[in-house]
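Worksheet: one structure, shown below.
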Amino acid sequence: MNLYILVEDGKSGHKIIGEWIGMLLPFMKRARDVASVRENSYIVFSGYGYPRILGTNPESPEKNVLGATIETINEKGCFDYFLIFLDGDGEDSQSRKDKVKQKIRNYRIPLAIPYYVFIQNICFESWLLGNQALYPIPYSKLFMPFGQHYNVKRLDPELMPNNPLAGTQTASLYHERYLRAMLKESGYHYNKSKPAPIVFSPGYLDQLKSRTAQSPHLKSLAIFFDFMEELARLAKSTENGRIPADTP
């Protein structure tokens, strides 16, 4: 089983998801590039932002991330699943997912393998806010504006609105700022270019899995975890089945 993974975020999301896949599917090894792919390998590439990741115009190679990926997958013929990760950025998750599906369906070359679109609602930092063990109690005066605005330990991080008083223009930016403040309370530093090592750890991942298993929170993250569990189950099975494609 081989996975081709395309992540919108070229920084933290790209780095962390690459590590998480290896922990959730320990029988798989990460390949540096397509040429290095062997059995039970996965590769992770960045789409360099939305909407650039949706580029499928063969006449515009510099904007043709999704189209070039389809052609690579079909040409190499060594991948079993194509996984796409996008931030929701406040847009309806199904609407954003449908846009990707439409681009893939309309491309001049049909994609040869099943694909799955995972919407990080609202953004990747929203997922990271689900670690209840790192919510500061008590918290400092610096964190107080965040804690008083929304308690992500008790309430679903995906539903946290933007706080205009924070000076952030979007909920995604506010979630990132909230995460930085929350981790700082425990002595960790987070930014998109260099996330704190703790977010790569098995313990952090276990906290998020526990949150999704024991509550209705972080539904978009739960979808990802469920898919990973299904891949792991298939890998252990003697049957040569596949997960049904994420298509209408």
Side-chain angles (χ1 to χ4, degrees), residues 1-9 12-31 37-45 73 78-88 93-94 96-98 100-101 104 111-134 152-153 156-159 195 198-248:
M1 180 190 298
N2 295 324
L3 309 178
Y4 192 112
I5 301 168
L6 186 60
V7 182
E8 172 189 341
D9 180 3
S12 56
H14 174 258
K15 296 174 182 177
I16 298 168
I17 287 174
E19 294 296 321
W20 283 2
I21 297 292
M23 289 186 277
L24 293 168
L25 302 173
F27 61 91
M28 303 194 75
K29 293 184 178 180
R30 186 171 181 175
V37 170
R38 300 293 182 266
E39 183 60 26
N40 291 329
S41 296
Y42 68 96
I43 54 173
V44 185
F45 289 112
I73 289 172
C78 61
F79 295 100
D80 297 285
Y81 298 103
F82 175 32
L83 313 184
I84 305 167
F85 291 82
L86 297 172
D87 284 346
S93 295
Q94 189 59 49
R96 181 151 291 196
K97 183 181 291 189
D98 288 343
V100 181
K101 292 180 178 182
I104 293 175
L111 179 61
I113 62 174
Y115 69 90
Y116 303 86
V117 184
F118 299 97
I119 304 299
Q120 298 154 169
N121 190 17
I122 288 176
C123 59
F124 188 71
E125 283 74 23
S126 307
W127 285 6
L128 295 179
L129 284 169
N131 188 335
Q132 293 171 306
L134 285 179
V152 295
K153 181 175 183 177
D156 189 348
E158 288 189 353
L159 301 181
I198 191 172
V199 300
F200 297 95
S201 68
Y204 204 105
L205 187 60
D206 287 343
Q207 283 287 329
L208 298 182
K209 290 172 67 178
S210 177
R211 178 79 176 267
T212 60
Q214 298 177 17
S215 78
H217 298 172
L218 296 167
K219 291 182 179 178
S220 66
L221 179 56
I223 291 172
F224 166 60
F225 285 150
D226 288 345
F227 182 83
M228 290 293 104
E229 289 181 3
E230 184 66 7
L231 284 185
R233 185 193 65 78
L234 281 177
K236 294 179 180 179
S237 173
T238 57
E239 301 175 1
N240 294 319
R242 271 191 174 182
I243 304 175
D246 183 16
T247 53

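In this chain, residues are counted from 1 in sequence order. Below, all heavy atoms of this structure are taken into account, side chains as well, without hydrogens, waters or symmetry copies.
When all heavy atoms of Val152 and Leu129 are compared, the closest pair comes out as CG2-O, 3.9 Å. Of all the heavy atoms in Glu125 and Ser12, the pair that sits closest is OE2-OG, 3.4 Å. When every heavy atom of Val199 is checked against every heavy atom of Pro195, the shortest pair comes out as CG2-CB, 3.8 Å. Counting all heavy atoms, side chain and backbone alike, Glu19 lies closest to Phe200 at CG-CD2, 3.3 Å.
For the atom pair Lys153 NZ and Arg211 CZ, the distance stands at 9.5 Å (nearest 0.5 Å). The line from OG of Ser126 to CG of Asp156 is 9.0 Å long, rounded to the nearest 0.5 Å. Taken to the nearest 0.5 Å, the CD1 atom of Ile84 stands 9.5 Å off from the CZ atom of Phe118. Taken to the nearest 0.5 Å, the CE atom of Met1 stands 5.5 Å off from the CG atom of Leu234. Here Asp98 contributes atom CG and Arg96 contributes atom CZ; the two are 12.0 Å apart, rounded to the nearest 0.5 Å. Taking CD1 from Ile21 and CD1 from Ile16, the interatomic distance works out to 12.5 Å, rounded to the nearest 0.5 Å.
The shortest distance between side-chain heavy atoms of Gln132 and Ser210 does not fall below 4.5 Å. Between Phe27 and Lys236, the closest side-chain pair of non-hydrogen atoms is not below 4.5 Å. In this structure, Leu6 and Leu83 have side chains that are not in contact, with every pair of non-hydrogen atoms separated by 4.5 Å or more.
Between the side chain of Asn2 and the main chain of Tyr42, no donor-acceptor pair closer than 3.5 Å is present. Between the side chain of Ser201 and the backbone N or O of Ile198 there is at least one donor-acceptor pair closer than 3.5 Å. Of the possible donor and acceptor atoms, one in the side chain of Thr212 sits under 3.5 Å from a partner among the backbone N and O of Lys209. At least one donor-acceptor pair closer than 3.5 Å links the side chain of His14 to the backbone N or O of Val44. Put simply, the side chain of Gln120 never gets that close to the backbone of Gly88: no donor and acceptor are under 3.5 Å apart. No donor-acceptor pair under 3.5 Å is formed between the side chain of Ser41 and the backbone N or O of Val37.
For the pairing with Tyr4, the ring pair (Phe, Tyr, Trp, His ring centres under 6.0 Å) check across Tyr116, Phe45, Phe85 returns one residue only, Phe45.
In summary, the aromatic rings of Trp20 and Phe124 are positioned with their centroids under 6.0 Å apart.
Listed by chain and number, the residues in a side chain to side chain donor-acceptor pair (under 3.5 Å) with Glu8 amount to none (sequence neighbours excluded). Partners of Ser93 by side chain to side chain donor-acceptor pair (under 3.5 Å), not counting sequence neighbours: none found.
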Exercise for review: Kindly determine whether Asp80 and Ile113 satisfy side-chain contact (heavy atoms from CB on, under 4.5 Å), including the steps that lead there.
Suggested key: CA-CA 6 Å; Asp80 297 285; Ile113 62 174; 6.0 Å; no
Practice item. Given side-chain contact (heavy atoms from CB on, under 4.5 Å), test Tyr115 with Ile73 step by step and report yes or no. Key: CA-CA 11 Å; Tyr115 69 90; Ile73 289 172; over 6 Å; no
Distance-only donor-acceptor pairs under 3.5 Å for side chains of residues 220-228, two or more places apart:
| from | atom 1 | to | atom 2 | distance (Å) |
| --- | --- | --- | --- | --- |
| Ser220 | OG | Ile119 | O | 3.3 |
| Ser220 | OG | Asn121 | N | 3.2 |
| Ser220 | OG | Trp127 | NE1 | 2.9 |
| Ser220 | OG | Glu158 | OE2 | 2.4 |

